[in-house]
Amino acid sequence: MNIGEIGAVLRRRWYVMAPLTLCGVLAGVQLYQSVPVAYQSQSSVALLDSTAVAELAPTFGNPIANAGGSLVVTADVLIRTLSGADAARALQGLGVTDPYTVGFAANASGPMLTLTVTGTNRAKVLKETTTLTDFAGEQLDALQSAAKVKRQYYVQAAPVVLPQTPKPQLKARYQQVLAVLIAGLVAGFTASFVLESLLASRRRRREAAEAAAGQAGKNTPRVRKRTRHRELDATALLTGYLGMAFFIPSNLTLPGLGGVGTPANVFALLALFWYLATWLTGRIRPTPGTRLPRVAMWLLAVSVLASYLANASRGSSHKEVLGADRGLIGLLVWVSLVVLITAGIQDRARLDVLLRRAVVMGAVVAAIGYYDFFTATNIAEKISIPGLQSSVAQITTLDRGAFTRPRSTTAQPLEFGGMLALLLPFAIQQAFDPVRAHLKRWRRWAPVALMGGALPLTVSRTSIIGALIVVLVMVPRWKPQRRWTTFGLLLGSVAVFKVMVPGLIGTITTLFASFVSNSDSSTQARTVKYSAIVPYLEERPLFGRGLGTFTPDLYFFTDNQYMLTLAEMGLLGLLALLALFFTGIHQGGAIRRLAAGESDRELGQAFFASALVALVSAATFDALSFPMFAGMFFLTIAAGGSYLGFIRRAAPEPRTLENPCPPTAQLPAPQPTAARTGRMQPAP
């Protein structure tokens with residue numbers, strides 16, 4: 001179904017689309033007029049150690065100031081105290097009845113707190129912010145008094161930003177109105193195609209009944225005119241998604257949507273509506289044998305919705321509510337990719353085209369990474385698109401050792417390396433594919449060279465581990481001649497890097513050596529945070545706090561997808577995530593076992609390697625928080641399920657007791673006779 005046909009259905013069912021859209025508009029107007037404007041005021045408080053601490057402390061000193069050796073721990077204790085139920089009751093007695101939040105100041109590495117009050121009365125909000133700021137200092141003194149700290153060793157709470165004049169929060173209001181309008185449009189769209197499907201089904205039944213009664217000649221349906229437009233399919237839509245995902249920097253998003261609002265993600269959501277319209281009108285049906293990725297996505301969707309409800313039931317802050325809403329949008333994007341590939345692509349040739357396009361575009365992104373590395377710049381800084389804004393505070397180049405870590409059009413070097421490691425197995429498989437043997441050698445091997453060569457340039461353990469997994473999974477399955485040739489090329493590549501980029505191999509070796517000896521500062525910073533997750537997990541172990549709510553500005557960076565999933569979606573979410581990873585691994589192994597040809601067996605091994613890279617990479621950074629990596633992960637998982645369905649349908653049926661003989665097409669070739677071989681057959 002193309003865009004013109006979708007528009008024709010909406011025009012025919014205008015009496016459904018128009019009223020529901022009008023209801024959405026009226027509801028939005030009513031919401032805009034009835035919901036009061038919220039005002040927000042903030043203040044900032046810094047914790048300062050006492051001057052007496054510089055002198056020799058008494059026997060015990062100040063246990064709060066010395067807890068963990070940093071006032072950051074003291075600030076965390078104060079945040080937890082102010083966020084507790086006892087503090088909330090005490091503040092209500094002081095007149096603070098509007099919602100308030102207390103957290104670490106954004107982009108601050110020291111013990112600095114931000115206090116925020118949100119309400120509908122401007123003067124009251126300002127007064128409550130002042131009360132909350134004074135109360136924070138009183139609570140800090142009370143904590144130290146309870147610990148029997150001497151007055152000269154008290155940590156002081158010094159306001160560094162006085163309560164600000166409350167500002168109207170129109171953004172949240174507009175977001176609510178926009179959500180109602182979108183709900184009306186979606187309801188009208190869905191109802192129009194549901195009605196179209198019901199009427200078309202009734203018309204087909206009536207025509208079938210008339211034909212059975214011998215009246216088919218009187219009511220012959222009109223011949224459908226051929227359209228001049230090329231039929232729009234899932235591969236074309238997904239190609240558009242890939243183009244936006246790869247070539248629009250992933251930090252550029254639509255205003256108000258955060259990191260999930262990339263143009264590629266918005267396009268994927270629109271493509272989901274195309275599939276819904278095509279499916280409701282009976283134009284497309286999910287292909288057999290492709291259910292496994294959709295089942296895994298169903299498990300993930302259940303865990304996300306459960307965490308969303310858990311977030312709504314715990315009295316979360318406004319920022320956490322918005323984060324949970326963005327988590328639902330991200331889930332819809334992932335569902336769209338899986339559904340479009342597994343249920344929307346009906347022809348294996350079109351699936352091959354999609355995977356080849358993904359590899360070619362990934363190679364172009366890798367080539368841009370070379371430019372970033374050798375020019376010590378970041379091309380994402382130079383790209384500005386009207387209507388889009390950066391979802392991160394500042395995009396700058398990152399260095400490690402004497403080298404600039406490239407990120408190309410991704411948001412971070414880890415995302416750049418992880419995405420390339422996901423696609424590298426398919427680039428290798430396509431280079432060896434006999435179907436593409438007619439192409440020139442440079443066209444087949446350029447993506448492999450670009451992607452494989454860009455991985456060490458990121459100076460990242462994630463990239464090197466991903467490359468090693470690809471080698472260890474794919475190379476042992478090859479024939480000895482190809483295997484030894486590969487080992488020679490790898491050794492030659494190391495020598496080339498050592499000559500062309502002096503110091504790079506030594507920096508990477510030092511990086512792994514410091515990791516093994518636990519002397520690397522980045523590794524220590526990550527492992528220290530693992531214990532910090534435990535209190536949040538103990539608080540909500542099963543469903544978590546809500547997908548998208550554990551943001552760095554409210555809590556801290558996790559740099560580990562498994563730990564982040566435990567905090568946001570609990571144990572249920574972790575099990576659903578692991579089910580996705582092992583689904584990809586299982587699909588790769590099943591394709592390899594069922595494939596009849598060597599090319600398909602290598603394709604199965606590529607899916608196996610890609611899923612294993614995702615499984616291991618998720619332990620090195622918060623992978624699904626980056627839109628390009630997440631998109632490629634779900635695309636490869638869905639493509640593996642679709643390929644498995646095609647191969648299962650082409651595989652020979654197993655023999656049974658009822659049907660012990662194979663089909664005629666699968667019978668073994670007849671043995672050569674005496675007349676063909678020239679040999680006499682022995683007498684019976």
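For this chain, numbers begin at 1 and follow the sequence in order.
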**Fill in**
For Thr462 and Ser617 the tightest heavy-atom approach is CG2-OG, 4.1 Å
**Asked** Where the side chain of Ser336 meets the backbone of Leu332, is there a donor-acceptor pair that is under 3.5 Å apart?
**Response** no
**Request:** Return yes if some donor-acceptor pair links the side-chain N/O of Gln605 with the main-chain N/O of Met474 below 3.5 Å, else return no.
**Result:** no
**Asked** Under the ring pair (Phe, Tyr, Trp, His ring centres under 6.0 Å) criterion, do Phe607 and Phe426 qualify, and how do the steps go?
**Response** CA-CA 8 Å; Phe607 278 111; Phe426 304 104; 4.8 Å; yes
**Message:** Please report the interatomic distance CG(Leu422) to CZ(Phe633), rounded to the nearest 0.5 Å.
**Reply:** 8.0 Å
**Prompt:** Got Val266 and Met244 here, is their nearest side-chain heavy-atom distance under 4.5 Å?
**Reply:** no
**Message:** Checking the side chain of Thr278 only, and the main-chain atoms of Ile284 only, is there a donor and an acceptor separated by less than 3.5 Å?
**Reply:** no
**Request:** Could you tell me whether the side chains of Gln561 and Thr565 share a donor-acceptor contact shorter than 3.5 Å?
**Result:** yes
**Fill in**
Closest non-hydrogen atoms of Pro263 and Leu252, given as atom of the first, atom of the second and distance, are CD-O, 3.6 Å
**Request:** Using atom types as modelled and distance alone, determine if a side-chain donor or acceptor of Asn265 lies under 3.5 Å from a backbone N or O of Val333.
**Result:** no
**Thr410 and Phe629: CA distance, side-chain angles, deciding distance, side chain to side chain contact (heavy atoms under 4.5 Å, CB included) verdict** = CA-CA 9 Å; Thr410 66; Phe629 182 92; over 6 Å; no
**Asked** Would you call Met297 and Leu580 a side-chain contact if the rule is heavy atoms closer than 4.5 Å?
**Response** yes
**Complete:** Heavy atoms of Tyr562 and Leu615 approach each other most closely as OH-O, 2.5 Å
**Asked** Any donor and acceptor pair, going by atom type alone, linking the side chain of Asp622 with main-chain N or O of Asn560 inside 3.5 Å?
**Response** no
**Message:** Other residues, nucleotides and ligands only: do more than 12 of their heavy atoms fall within 6.0 Å of CZ on Arg436?
**Reply:** yes
**Asked** Is there a side-chain contact between Arg357 and Thr235 (heavy atoms, below 4.5 Å)?
**Response** yes
**Item:** Spacing of Met419 atom CE and Phe416 atom CZ [to the nearest 0.5 Å]
**Value:** 6.0 Å
**Asked** Could you walk me through whether Phe247 and Val365 pass the side chain to side chain contact (heavy atoms under 4.5 Å, CB included) check?
**Response** CA-CA 7 Å; Phe247 302 128; Val365 173; 4.2 Å; yes
**Message:** Using side chain to side chain contact (heavy atoms under 4.5 Å, CB included), reason through Ser625 and Leu564 one step at a time and then give a plain yes or no.
**Reply:** CA-CA 10 Å; Ser625 300; Leu564 181 61; 3.6 Å; yes
**Least distance between heavy atoms, Pro286 atom then Arg294 atom** = CB-NH2, 3.7 Å
**Request:** Verify, without hydrogens or angle tests, whether Gln346 (side chain) and Arg285 (backbone) share a donor-acceptor contact under 3.5 angstrom.
**Result:** yes
**Validation row: Val364, Phe246 side chains within 4.5 angstrom (heavy atoms)** = no
**Prompt:** With a 4.5 Å heavy-atom cut-off, do Arg592 and Arg477 have their side chains touching?
**Reply:** yes
**Backbone of Met632 reached by a side-chain donor or acceptor of Thr636 within 3.5 Å** = yes
**Asked** Salt-bridged, Asp433 to Arg356, with N to O below 4.0 Å?
**Response** no
**Asked** Can you tell if the side chain of Phe582 reaches within under 4.5 Å of the side chain of Ile585, non-hydrogen atoms only?
**Response** yes
**Message:** Go through it in stages, so that I can follow the logic: the residues are Leu238 and Ile345, the test is side chain to side chain contact (heavy atoms under 4.5 Å, CB included), and I'd like the CA-CA distance, side-chain angles, deciding distance and then a yes or no.
**Reply:** CA-CA 10 Å; Leu238 289 165; Ile345 299 180; 4.1 Å; yes
**Message:** Working to the nearest 0.5 angstrom, can you tell me the gap between Met628 CE and Thr262 OG1?
**Reply:** 9.0 Å
**Asked** Taking the six-membered ring of Phe432, is NZ or CZ of Arg482 closer than 6.0 Å to its centre and within 45° of its axis?
**Response** yes
**Request:** Calculate, to the nearest 0.5 Å, the distance between atoms NE2 and CZ belonging to His438 and Arg444 respectively.
**Result:** 9.5 Å
**Prompt:** Looking only at atom types and distance, does a side-chain atom of Glu568 sit under 3.5 Å from a main-chain N or O of Gly548, one as donor and one as acceptor?
**Reply:** yes
**Asked** Is Ser307 reaching over with its side chain to a backbone N or O of Met569, donor-acceptor style, under 3.5 angstrom?
**Response** no
**Message:** For Ser610 versus Pro425, what's the shortest heavy-atom pair and its separation?
**Reply:** N-CG, 4.1 Å
**Prompt:** Can you find a pair of side-chain heavy atoms, one from Ser642 and one from Arg348, that are under 4.5 Å apart?
**Reply:** no
**Message:** Between Ser250 (side chain only) and Ala411 (backbone N and O only), is there a donor and an acceptor less than 3.5 Å apart?
**Reply:** yes
**Asked** In terms of the angle between their ring planes, are Trp279 and Tyr275 parallel, tilted or perpendicular, with boundaries placed at 30° and 60°?
**Response** parallel
**Request:** Give the minimum heavy-atom separation between Tyr241 and Ala264, together with the two atoms involved.
**Result:** CD1-O, 3.2 Å
**Complete:** Separation between CZ (Phe273) and CG (Leu185), nearest 0.5 Å, reads 8.5 Å
**Interatomic distance, Phe581 atom CZ to Leu612 atom CG [nearest 0.5 angstrom]** = 10.5 Å
**Message:** I'd like to check Val613 versus Val470 (side-chain heavy atoms, cut-off strictly below 4.5 Å). Are they in contact?
**Reply:** yes
